[in-house]
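Reading through the structure tokens given below for one structure.
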Amino acid sequence: MLDIHSHIVFAVDDGSEDLAESVAMLDAAKAAGIDCIYATPHMKSKDTDVTPIHRNFLALKPYAEERRIALRLGFEYNISAIDTTRFDRVREFVLRDADTLLLEMPFSHWPPEWRRIVTGIQKLGLQIIVAHPERYLPIQRDHELLNELVDRGCLLQCNASSILSSKVEKRRAVDYIREMGRLDFVATDAHSTQEYGLFRKAVQKVGAEINYPAF
Ligand SMILES: [Fe+2]
């Protein structure tokens, strides 16, 4: 199974703290039936130094190969980090081997120009996967935004933890996405080993509904 969103690269964001934790995450992923992982460190500022990300990703890769897990690099790119005068710069941060950007929105206040940014990315010929839309306040308040994202050609990725969440607002947004038939991806968004057990449970619950569109 594919996991398109994880913070498995160690010591670069709020995910895994060190190599040992990342290797434990690989083992937990394998036990959950995952055989392809996109490592997607946070990119919250356009000035972030990506050198340690590439270095630590490469350090982890042999451990993934030992476990027959395909480990690929991507980023979780926050819309506020996008240089709107140079959209082409996001090309460096797409999911490896795919013309696809995993896009994170702010949790409470979306920038007024978010639609222009989405269009600017798409004009580069890039596909957009919106990371965990069910977690964003604007969407929890107005499910119509989900229709708008889909109408604009975006794919949707829900977190496994949201599918099992007891928080009503999050669950309602997930249910809306399920009713739309747009559970395109379910991902761990793993920051530690614990999310992989949730992933397995979530897939047991909604696995038949996941689209996994080619990208
Ligand atoms: Fe994430």
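Since the model is a prediction, treat every value here as computed from it, not as a measurement.
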- Quick one: ring-ring contact (aromatic ring centres under 6.0 Å, His included) partners of Phe185, sequence neighbours excluded? Phe215
- Is the side chain of Thr40 donor-acceptor paired with the backbone N or O of Ser6 at a distance under 3.5 Å, no angle test? yes
- So, does Asp3 use its side chain to make a donor-acceptor pair with the main chain of Ile37 at under 3.5 Å? no
- Item | Any residue meeting side chain to side chain donor-acceptor pair (under 3.5 Å) with His143, in chain and number order, not counting sequence neighbours | none
- Message: Filter on ring pair (Phe, Tyr, Trp, His ring centres under 6.0 Å), then keep only pairs touching residues 152-172, sequence neighbours left out; what's left?
- Response: none
- Message: Applying side chain to side chain donor-acceptor pair (under 3.5 Å), can you list everything that pairs with Asn211, at least two apart in sequence or on another chain?
- Response: Asp184
- Message: Would a single hydrophobic cluster contain both Leu2 and Ile34, if residues Ile, Leu, Val, Met, Phe, Trp and Tyr are joined by side-chain heavy-atom contacts under 4.5 Å?
- Response: yes
- Task: Say whether His132 and Glu76, considering side chains only, have a donor N or O and an acceptor N or O under 3.5 Å apart.
- Result: yes
- Message: Among residues at least two apart in sequence or on other chains, which ones pass side chain to side chain donor-acceptor pair (under 3.5 Å) with Gln157?
- Response: His5, Asn159
- Query: Would a distance-only check, ignoring hydrogens and angles, find a side-chain to backbone donor-acceptor pair under 3.5 Å from Tyr38 to Arg96?
  - Reply: yes
Kindly list each side-chain donor-acceptor pair under 3.5 angstrom involving residues 105-117, sequence neighbours excluded, with atom names and distances?
residue : atom : partner : partner atom : Å
Trp110  : NE1  : Pro106  : O            : 3.0
Arg115  : NE   : Glu148  : OE2          : 2.6
Arg115  : NH2  : Glu148  : OE1          : 3.1

- Note on the structure: Sequence neighbours excluded, the answer for side chain to side chain donor-acceptor pair (under 3.5 Å) partners of Asp142 is none
- Message: Under the ring pair (Phe, Tyr, Trp, His ring centres under 6.0 Å) definition, can you give me all pairs with a residue in residues 78-104, not counting sequence neighbours?
- Response: Phe75-Phe93, Tyr77-Phe93
- Message: Are Tyr212 and Leu102 linked, directly or through intermediate hydrophobic residues, by side-chain heavy-atom contacts shorter than 4.5 Å (ILVMFWY only)?
- Response: yes
- Task: Report yes or no: does Ser22 contribute a side-chain atom to a donor-acceptor pair with the main-chain N or O of Ile8 at less than 3.5 Å?
- Result: yes
- Note on the structure: Quick note, salt bridge (charged side-chain N to carboxylate O under 4.0 Å, His left out) partners involving residues 122-139, not counting sequence neighbours, are Arg135-Asp189
Expected list for residues 57-73: side-chain donor-acceptor pairs under 3.5 angstrom, two or more places apart:
residue : atom : partner : partner atom : Å
Lys61   : NZ   : Leu71   : O            : 3.2
Arg67   : NE   : Asp27   : OD1          : 2.5
Arg67   : NH1  : Tyr63   : O            : 2.9

Could you list the donor-acceptor pairs under 3.5 angstrom formed between side-chain atoms of residues 198-205 and any protein atom two or more places apart in sequence or on another chain?
residue : atom : partner : partner atom : Å
Arg200  : NH1  : Ala31   : O            : 2.9
Lys205  : NZ   : Ile163  : O            : 3.4

Would you be so kind as to tabulate the donor-acceptor pairs closer than 3.5 Å made by side chains of residues 168-176, with sequence neighbours excluded?
residue : atom : partner : partner atom : Å
Arg171  : NH1  : Ser165  : O            : 2.8
Tyr176  : OH   : Asn147  : ND2          : 2.8

